[in-house]
There are 2 protein chains.
Amino acid sequence: MERHENTEQEILRAAEQEFLEKGFAGAKIMSIAQRAGVNHAMIHYYFRTKENLFNRLFEEKIRLLTTNLYPALANTEQPLIERIKNTISSHFDFIAENHNLPRLVVNEIISNPKRRKIFRQKIQFAIKTLKPALQTELDQLADNRQIQHIKAEDLILDVVSLNLAIFILFPLIEGVFADDNKTFLEHRKEENIKVILSRLNYKI
Amino acid sequence: MERHENTEQEILRAAEQEFLEKGFAGAKIMSIAQRAGVNHAMIHYYFRTKENLFNRLFEEKIRLLTTNLYPALANTEQPLIERIKNTISSHFDFIAENHNLPRLVVNEIISNPKRRKIFRQKIQFAIKTLKPALQTELDQLADNRQIQHIKAEDLILDVVSLNLAIFILFPLIEGVFADDNKTFLEHRKEENIKVILSRLNYKI
DNA sequence: CTTTGTATTAACAAAATTGTTAAACATACA
DNA sequence: TGTATGTTTAACAATTTTGTTAATACAAAG
């Protein structure tokens, strides 16, 4: 009998891979078991159902996603423009490290109204705590003619859109625009920052 | 025995809905049959397998996607900036009318290496026919100080990213930023144009 | 009005997937 | 040592999903 150091963790690790690649419907208990190197009964032993296992992972990931935009923006030591640059950069890096996560979240939220409702509330909360202060700062800079006026929500959506899309598109365009993926992504990160700063019309 | 006007078309219509909503793995023959109001054996009668039915629809959709960016850009009557505005706008509208299509294409291309290869070749071809002329025009305007210098491929990716992402994100943020979806999307379309024109640093 | 080919249905079969269980096993600890 | 506890396995069962077929209805052509 093969004893694992920690079967439960192995299963979670394997399941995370499988779900991220194939989504809930495409993932198969047998395939997860194989990846984890365990008998598929173990998955039922530890998690009872496929849905259980999925929910456990999914909720953890949602937490990750919904708390990611704050930190770089909140650090009020630096001037806003610097913080925006850092936010774009760290948001980009976060998605790079979790490049399948947005796709999974979108897919599973669309196919599950209950999850959708919960998620929207989290987003709503995140926006509510982010927007007012950001808008105030943006308005101040705009009044000083340092940037062009913009609604905080548009800025947020512009950033998220640019960063997100490049990773969603990546499997479709890998190798089309550049041979070296790492260089390509680094370049796109800079481009995204450039786009946002242009939108703000920031001088120097 | 219930006779349909055109069973095959009914099945295709229903299958399109189902696949767009749930993806290949999530779609069920029985559910498609129900939507089409036919016995599920009819699906096998007309298309033999689920995969057949899927491929038939998928290839048609790929054709749509890969030919969508051209027309508004190609019309060399107008000045480039106008054509770019129109391209953004019509690309946006196209995705609006096919808001589930990008998600489906990305998902199924990721889970199928053969499809991925074919698609990349199509993209590669589309880029090859689009990029040189566009780059020449962009360089000319940049030399005349009418716009900031930009690589054609970055411009294309910026446009596609902004337009795509808002519809991929839409199910997650519906109702968060605005009550009226139509107004929200119209506003985002304008914002995307504004972002791109700012990036080009176009005066007036 | 019969023949012929296509369309439809229900019932069945096969395959894939998820879930269950009883028995074997490992380990710690009395 | 033996026994209690949690872990693992293989075999099985249930369910879901896909695919097949034989019987039959229907419409059009001869």
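Protein chains get the first letters and strands the later ones, always in sequence-line order, with residue 1 at the start of each. Because only heavy atoms are used, hydrogens play no part in the values below, and waters and symmetry mates are left out as well, while side chains stay in.
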Residues in contact with DNA chain C, drawn from residues 9-21 of chain A - heavy-atom cutoff 4.0 Å: none
Which pairs pass ring pair (Phe, Tyr, Trp, His ring centres under 6.0 Å) with one or both residues in residues 148-200 of chain B, sequence neighbours excluded? B/Phe92-B/Phe167
Any residue in residues 22-30 of chain B with a heavy atom nearer than 4.0 angstrom to DNA chain D? Just list them by number, or reply none. B/Ala27, B/Lys28, B/Ile29, B/Met30
Which side-chain N or O atoms in residues 23-34 of chain B pair as donor and acceptor under 3.5 Å with protein atoms at least two apart or in another chain?
unit_1: B/Lys28; atom_1: NZ; unit_2: B/Ala25; atom_2: O; d: 3.0
unit_1: B/Ser31; atom_1: OG; unit_2: B/Glu18; atom_2: OE1; d: 2.8
unit_1: B/Ser31; atom_1: OG; unit_2: B/Glu18; atom_2: OE2; d: 3.1

Residues in side-chain contact (heavy atoms from CB on, under 4.5 Å) contact with A/Leu80, at least two apart in sequence or another chain: A/Leu73, A/Arg83, A/Ile84, A/Leu134, A/Glu137, A/Leu138, A/Leu141
Under the side-chain contact (heavy atoms from CB on, under 4.5 Å) test, residues paired with B/His91 that sit two or more places apart: B/Asn68, B/Leu69, B/Ile95, B/Val159, B/Val160, B/Asn163
Less than 3.5 Å apart, which donor and acceptor atoms pair up between the side chains of residues 36-44 of chain A and the rest of the protein, not counting sequence neighbours?
unit_1: A/Asn39; atom_1: OD1; unit_2: A/Ala41; atom_2: N; d: 2.8
unit_1: A/His44; atom_1: ND1; unit_2: A/Arg48; atom_2: O; d: 3.0

All side-chain contact (heavy atoms from CB on, under 4.5 Å) counterparts of A/Lys131, not counting sequence neighbours: A/Ile127, A/Ala152, A/Glu153
Evaluation steps, salt bridge (charged side-chain N to carboxylate O under 4.0 Å, His left out), between A/Arg13 and A/Glu16: CA-CA 5 Å; A/Arg13 195 189 43 70; A/Glu16 184 175 325; over 6 Å; no
Would you jot down, in residue-number order, the residues of residues 42-51 of chain B having a non-hydrogen atom under 4.0 Å from DNA chain C? B/Met42, B/Tyr45, B/Tyr46
Any residue meeting side-chain contact (heavy atoms from CB on, under 4.5 Å) with B/Thr49, in chain and number order, not counting sequence neighbours: B/Glu51, B/Asn52
Can you name the nearest heavy-atom pair linking B/Val176 to A/Gln124, along with the distance? CA-NE2, 3.9 Å
Pairs where residues 91-113 of chain A contributes a residue and the test salt bridge (Lys or Arg N to Asp or Glu O under 4.0 Å) is met, not counting sequence neighbours: A/Asp93-A/Lys189
Short N/O separations, protein against nucleotides 10-13 of chain D, under 3.5 angstrom:
unit_1: D/dA10; atom_1: N7; unit_2: A/Asn39; atom_2: ND2; d: 3.4

